[in-house]
Every structure is written in C-alpha cells, then in structure tokens.
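Below: one structure, written as structure tokens.
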Amino acid sequence: MKSLHKKILQKPLPIILSAIPVFFLGAILRIMTDSGALHILGYLLIAIAVLILMVIGNPIKKFEEQLKELGYTREILQTDLEKGVSYENIDLGNQFLVSYGLFTKVIYFGDVLWTYLDHTLNIHIILKDNSEHVIPIENKWIGQDIAKQMEKAFPFILFGYHDEVAQLREENFEELKQLYTRKMFECVVKEELPTYAPLTTPLMP
C-alpha cells in the first residue's frame, strides 16, 4: 500500500510543501516590517498558503474517504490493481480505475453508466448518479484499454459519444439509465456475462 500512497502524494505533496515557506514569508513580512504595503503582501501570502492547504488538504484522507463512500477497503482495491496495468497517471485494475493527479479519483466500473473519449484525449466517465469524471490520458490506446477493461467487467456500460445519448443525459437522465438496464438484460439473455465476477451484482442501476 506504500506504493499506492506514494502515487497519491506524488503531485499534491510538492504543492503542499511549497505552502509552508510561503506562510512563513508572509508571517515575517507581517511581523518584522513596518511598511503598510509589505504588511498587505504578508497577509496575502499567508492567505494563499492557507488556501492551498484548505483546498488540497490531506490527499491520503480524501482517498480513504472515497473508498469509504464506495464501500470498499484499501485491500480490495490493492488486490484488484495488482491484477491490472499501470500507466503514468492511471492504475487500471479488473474492476477499478485510479487516476492520480492533484486529486486522486477512484472509480468502480459497476458505478459507470456511460463513458467516451473526446478529441482532446480526455476520458469522460458518467456515473449512475449523473456525476462526471474527466480524466486526461497520454494517447488513445490507453483510452481503448480502459474501455476494453470496463467492458470485460460490465458489458452493460454505454460506450462512445453519441448526440442522442448526450441529449438524454441533459433532458431525461432516467431514460438514459433505462438504456443501461435494457443493455444489461440483453447481455444476460445472450449470456454475454462479465469476464470478471463483479463485486456487487448490478441487477438494477
């Protein structure tokens, strides 16, 4: 799990550490100078440092909170990722995707309703609660690998961008969820079952 934590801290930690000297510089300007302009600058630097710490916070704690909301443990996630592949900023398991950046994103494929890759090499992942994750990738081949892995685990997911699907999401999300349900039952009838047994059985979205 240390390697996972190192990946989580890789990008936010330098920014968090940079806030410390900014804070102390602001405090020095505030305490040890008589200039009104420098006092204002000191307050500004202190505010910037505090804002950085408030926004980024504790990346490990936020990661743990995500897992708790999903209802899974670090051990389950780690075991799943060990069976998959790692890219520069993404770990892809059988049923989970973890995207590392300023904020780590943990996505369970069973929660995904629709996903597509745009022309700027961002993967859009829309969940069943209509929330959306936008994940940048290095090239389209990684995007294809992610889509293939999602399809192995949950062939009911809607893949690819379509204007009709985008319109449904905007105007009638419940109908879009019904498309997922119909695709799921079609897969069951055709016996196109997931390659990997899902951690939870998605009988209904």
Side-chain angles (χ1 to χ4, degrees), residues 55 57 59 61-74 76-77 79-81 83-84 87 89-137 140-205:
V55 171
K61 183 179 178 181
K62 290 184 177 180
F63 164 74
E64 300 284 357
E65 289 173 350
Q66 281 190 69
L67 282 183
K68 186 175 180 180
E69 289 178 3
L70 288 171
Y72 299 107
T73 64
R74 288 183 300 166
I76 288 176
L77 177 63
T79 299
D80 184 73
L81 296 180
K83 300 174 184 177
Y87 303 103
N89 296 315
I90 293 173
D91 279 344
L92 178 64
N94 287 340
Q95 300 180 63
F96 287 92
L97 180 150
V98 180
S99 172
Y100 305 99
L102 190 57
F103 302 101
T104 296
K105 299 176 183 178
V106 181
I107 297 170
Y108 171 53
F109 298 158
D111 293 331
V112 178
L113 179 70
W114 175 34
T115 184
Y116 63 90
L117 178 66
D118 67 22
H119 67 282
T120 61
L121 293 182
N122 287 315
I123 295 179
H124 296 252
I125 299 177
I126 293 86
L127 305 184
K128 294 175 185 176
D129 62 0
N130 205 12
S131 61
E132 180 174 357
H133 295 285
V134 180
I135 299 174
I137 57 173
K140 66 178 181 180
W141 312 116
I142 294 176
Q144 291 177 0
D145 287 346
I146 292 171
K148 287 177 183 177
Q149 191 57 50
M150 284 186 177
E151 192 170 19
K152 283 183 181 179
F154 291 91
F156 339 114
I157 295 171
L158 306 174
F159 294 96
Y161 182 84
H162 303 281
D163 289 335
E164 297 83 357
V165 176
Q167 186 174 357
L168 276 180
R169 186 192 174 204
E170 183 177 345
E171 298 177 0
N172 193 339
F173 187 69
E174 287 303 315
E175 188 172 339
L176 180 58
K177 291 173 70 174
Q178 290 174 17
L179 281 180
Y180 175 99
T181 303
R182 288 198 292 271
K183 186 175 180 182
M184 180 189 69
F185 284 120
E186 287 174 3
C187 289
V188 172
V189 170
K190 295 177 182 178
E191 296 185 347
E192 295 177 354
L193 302 178
T195 302
Y196 303 103
L199 299 175
T200 58
T201 304
L203 295 178
M204 291 296 291

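This is a predicted model, so every value here is computed, not measured. Just so it is clear, the values below take in all heavy atoms, side chains as well, and ignore hydrogens, waters and symmetry mates.
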Q | Of Leu77, Ile76, Thr73, the residue whose pairing with Leu67 passes side chain to side chain contact (heavy atoms under 4.5 Å, CB included) | A | Leu77
Q: Evaluate the side chain to side chain contact (heavy atoms under 4.5 Å, CB included) criterion for residues Tyr180 and Val112: first the C-alpha distance (whole Å), next the side-chain angles of each, then the deciding distance (0.1 Å), finally the verdict.
A: CA-CA 10 Å; Tyr180 175 99; Val112 178; over 6 Å; no
Q) How close do Ile90 and Tyr100 get, heavy atom to heavy atom, and via which atoms? A) N-CD1, 4.2 Å
Q.
For Gln144, give me all partners under side-chain hydrogen bond (donor to acceptor under 3.5 Å, both in side chains), at least two apart in sequence or on another chain.
A. none
(Q) Going by the rule side chain to side chain contact (heavy atoms under 4.5 Å, CB included), which residues pair with Lys83 if we only count those two or more places apart in sequence or in a different chain? (A) Thr79, Asn94
Q: With side chain to side chain donor-acceptor pair (under 3.5 Å) as the test, would you mind laying out the steps for Asp80 and Tyr72 before giving the verdict?
A: CA-CA 11 Å; Asp80 184 73; Tyr72 299 107; over 6 Å; no
(Q) Using the rule given for side chain to side chain contact (heavy atoms under 4.5 Å, CB included), can you reason through Ile137 versus Tyr87, listing the C-alpha separation, both sets of side-chain angles and the distance that settles it, and then say yes or no? (A) CA-CA 9 Å; Ile137 57 173; Tyr87 303 103; over 6 Å; no
Q.
Working to the nearest 0.5 angstrom, can you tell me the gap between Leu168 CG and Glu164 CD?
A. 8.5 Å
Q.
Can you confirm whether Ile135 sits close enough to Asn89 that some side-chain heavy atom of one is under 4.5 Å from a side-chain heavy atom of the other?
A. no
Q: Kindly say whether Gly84 contributes a backbone atom to a donor-acceptor pair with the side chain of Gln149 at under 3.5 angstrom?
A: no
(Q) Checking the side chain of Lys177 only, and the main-chain atoms of Leu113 only, is there a donor and an acceptor separated by less than 3.5 Å? (A) no
Q.
Can you list everything that forms a ring-ring contact (aromatic ring centres under 6.0 Å, His included) with His162? Sequence neighbours excluded, please.
A. none
Q: Sequence neighbours left out, what passes side-chain hydrogen bond (donor to acceptor under 3.5 Å, both in side chains) with Glu170? Give chain and number order.
A: none
Q.
So, using salt bridge (charged side-chain N to carboxylate O under 4.0 Å, His left out) as the criterion, who are the partners of Glu132 when residues are at least two apart?
A. Arg169
Q. So how far is it from Ile146 CD1 to Leu97 CG, rounded to the nearest 0.5 Å?
A. 5.0 Å
(Q) Using the side-chain hydrogen bond (donor to acceptor under 3.5 Å, both in side chains) criterion, which residues pair with Ser131? Sequence neighbours excluded. (A) Asp129
Q.
Holding to side-chain hydrogen bond (donor to acceptor under 3.5 Å, both in side chains), I want the full list of residues that pass it with Glu174, two or more places apart in sequence or in another chain.
A. none
Q) Mind checking what makes salt bridge (charged side-chain N to carboxylate O under 4.0 Å, His left out) contact with Asp91, not counting sequence neighbours? A) Lys7
Q.
Can a donor-acceptor pair be found, under 3.5 Å and without considering hydrogens, that links the side chain of Lys128 to the backbone of Gly110?
A. yes
(Q) Counting C-beta onward and ignoring hydrogens, is there a side-chain heavy-atom pair between Ile126 and Leu176 closer than 4.5 Å? (A) no
Q | Residue pair Asp111, Leu70: steps toward the side chain to side chain contact (heavy atoms under 4.5 Å, CB included) verdict | A | CA-CA 9 Å; Asp111 293 331; Leu70 288 171; 3.4 Å; yes
**Q.** Pairing residues for Phe159 by the side chain to side chain contact (heavy atoms under 4.5 Å, CB included) criterion, not counting sequence neighbours
**A.** Thr115, Ala147, Met150, Glu151, Ile157, Lys183
Q: Mind checking the CD1-CG spacing from Ile107 to Leu127? Nearest 0.5 Å is all I need.
A: 6.5 Å
Q: Look up atom CZ in Phe63 and atom CZ in Arg74, then write down how far apart they are to the nearest 0.5 Å.
A: 7.5 Å
Q.
Once side chain to side chain contact (heavy atoms under 4.5 Å, CB included) is applied, do any residues pair with Lys68, and if so which ones, sequence neighbours excluded?
A. none
**Q.** Heavy-atom closest pair, residues Tyr116 and Gly160
**A.** CB-C, 3.6 Å
Q.
For a quick test of reading the model, state the closest non-hydrogen atom pair linking Ala166 to Tyr161 and the distance between them.
A. CB-OH, 3.4 Å
Q. What are the two closest heavy atoms between Gln95 and Phe154, and how far apart are they?
A. OE1-CE1, 4.3 Å
Q. Can you name the closest pair of heavy atoms from Leu81 and Phe96 and give their distance?
A. CD2-O, 4.1 Å
Q) Shortest non-hydrogen contact from His124 to Val134? A) ND1-CG2, 3.7 Å
